[in-house]
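Remarks on the structure that follows.
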Amino acid sequence: MCYFTSKPYESALKEFFISVAYNIEEWQLGAYFPANIESGFSHKLMAVTTAEKPHTVGTAIWGLVPHWARTSDEAKQIADMTLNAVGEEIFNKPSYKNYVGSNRCLVWVDGFYEWQHLEYKVPGKGSRMRTEKEKRTHFIYMPGQQPFALGGVYSLWERPDNGHIYHTVSIITTAANTLMAEIHNSKQRMPFVVQRDDWEHWLSPLQREEIQAMIRPLPDGILQAHPVMKVNPRDLELYNNPQVKEPYAYPDRGLF
DNA sequence: CCAGACGTTGTT
DNA sequence: GTCTGG
DNA sequence: CCAGACGTTGTT
DNA sequence: GTCTGG
């Protein structure tokens, strides 16, 4: 899964944030920049809101680093694996269990990407048919591309050699709903979307059972999606370029 | 006990 | 074909 | 994810 | 830090 964040949060967040005490320029986010350009593995900054500062948007490094990471190298290695947290297992995993009770957050995005794996038959040698494979990138978003919140869990990691505190975050995943199962068909998962009416609830103190019950697929009929162009991760022309979320028509190949 | 992992998706 | 780096 | 590399000796 | 596997 691949997320990006961008500037339109400001307007959408007004409803929720009584006093918005953030400087959007400080986010250093790659607006209009699918995460796979910088790659999730570069541990980009995400826009997050926590219960501690419920009326602000801060940043956290994508890839949760638990407190027991001893070195920067170890932290990076762990963060490579903690971009997402499987919601069903989050209370069992050493990396998350200490945080999901107290350190839940909202991760602001205006959409995310998934890749659809397609196969179709084309004429091969002689009378044989051969299977071709294609991957199509899809952009998934709310109506009007309104910003929305994904459920996350965060940790503060103190780097031992210099004492710096790093805010790090994982995005929680859950089973795919119908739309997402069609798109993200190789692994039927989707990010846990926190609906607007649940934003405050998700950040409030909750019992384990309540938390677990909240982490479920978004009902069908809310998210929208369309195919978008493939992105060369090194194509800097696409940095901050809205093209990466505009509809793109893949050639019709008579799929079956 | 001690050493080593600690994670997810098909890259996010 | 498969791995790596961005 | 996608693009690009993918190898060795120390010169032939 | 805490759990698991040997």
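The shown structure was predicted, so the numbers you read here are calculated from the model rather than taken from an experiment. Every chain is numbered from 1, with letters handed out A, B, ... down the list of sequences.
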Q | Residues from residues 95-103 of chain A lying under 4.0 Å of DNA chain B - heavy atoms | A | A:Ser95, A:Tyr96
Q. Sequence neighbours excluded, which residues qualify as salt bridge (charged side-chain N to carboxylate O under 4.0 Å, His left out) partners of A:Glu88?
A. A:Arg189
(Q) Using a heavy-atom cut-off of 4.0 Å across all strands, would you classify A:Ala69 as base, sugar-phosphate, or nothing? (A) nothing
Q: May I ask you to verify if any side-chain N or O of A:Thr173 is less than 4.0 angstrom from the OP1 or OP2 atom of B:dT9?
A: yes
Considering only nitrogen or oxygen atoms on both sides, find all protein atoms under 3.5 Å from nucleotides 1-5 of chain C and state each distance.
residue: C:dG5; atom: N2; partner: A:Arg234; partner atom: NH1; Å: 3.3
residue: C:dG5; atom: N2; partner: A:Arg234; partner atom: NH2; Å: 2.5
residue: C:dG5; atom: N3; partner: A:Arg234; partner atom: NH2; Å: 3.1

Q: Rounded to whole angstrom, note down the P distance from C:dG1 over to D:dG10.
A: 34 Å
(Q) Give me each pair satisfying side chain to side chain donor-acceptor pair (under 3.5 Å) with a member in residues 205-218 of chain A, each pair once, sequence neighbours excluded. (A) none
Q: Quick one: which residue pairs count as a salt bridge (charged side-chain N to carboxylate O under 4.0 Å, His left out) with a foot in residues 151-171 of chain A, not counting sequence neighbours?
A: A:Arg159-A:Asp161
**Q.** Residue pairs involving residues 219-233 of chain A (criterion salt bridge (charged side-chain N to carboxylate O under 4.0 Å, His left out); sequence neighbours excluded)
**A.** none
Q) Does anything in residues 163-182 of chain A pair up under ring pair (Phe, Tyr, Trp, His ring centres under 6.0 Å), and if so which pairs, sequence neighbours excluded? A) A:Trp157-A:Tyr166
Q: Measure from the ring center of A:Tyr154 to the ring center of A:Trp62 and say whether it is less than 6.0 Å.
A: no
Show the atom names and distances, to 0.1 Å, of all donor-acceptor pairs under 3.5 Å that link a side chain in residues 137-144 of chain A to residues at least two apart or in another chain.
residue: A:Thr137; atom: OG1; partner: A:Trp115; partner atom: NE1; Å: 3.0
residue: A:His138; atom: NE2; partner: A:Gln116; partner atom: OE1; Å: 2.8
residue: A:Tyr141; atom: OH; partner: A:His226; partner atom: ND1; Å: 3.0

Q.
Please confirm whether the shortest side-chain N or O distance from A:Arg189 to OP1 or OP2 of B:dT9 is below 4.0 Å.
A. yes
Q.
At less than 4.0 Å, is any side-chain N or O atom of A:Lys93 found next to OP1 or OP2 of B:dC6? Yes or no.
A. no
Q. Tell me, which stems hold DNA chain C, with a stem being 3 or more Watson-Crick or G-U pairs in a row and both distances under 3.5 Å?
A. C:1-6 with D:1-6
Q | Connected-component partners of A:Trp68 among ILVMFWY, side-chain separation under 4.5 Å | A | A:Ile78
Q: Please collect all salt bridge (charged side-chain N to carboxylate O under 4.0 Å, His left out) contacts where either partner lies in residues 164-182 of chain A, sequence neighbours excluded, each pair once.
A: none
Q: State which residues pass salt bridge (charged side-chain N to carboxylate O under 4.0 Å, His left out) with A:Asp197; sequence neighbours excluded, sorted by chain then number.
A: none
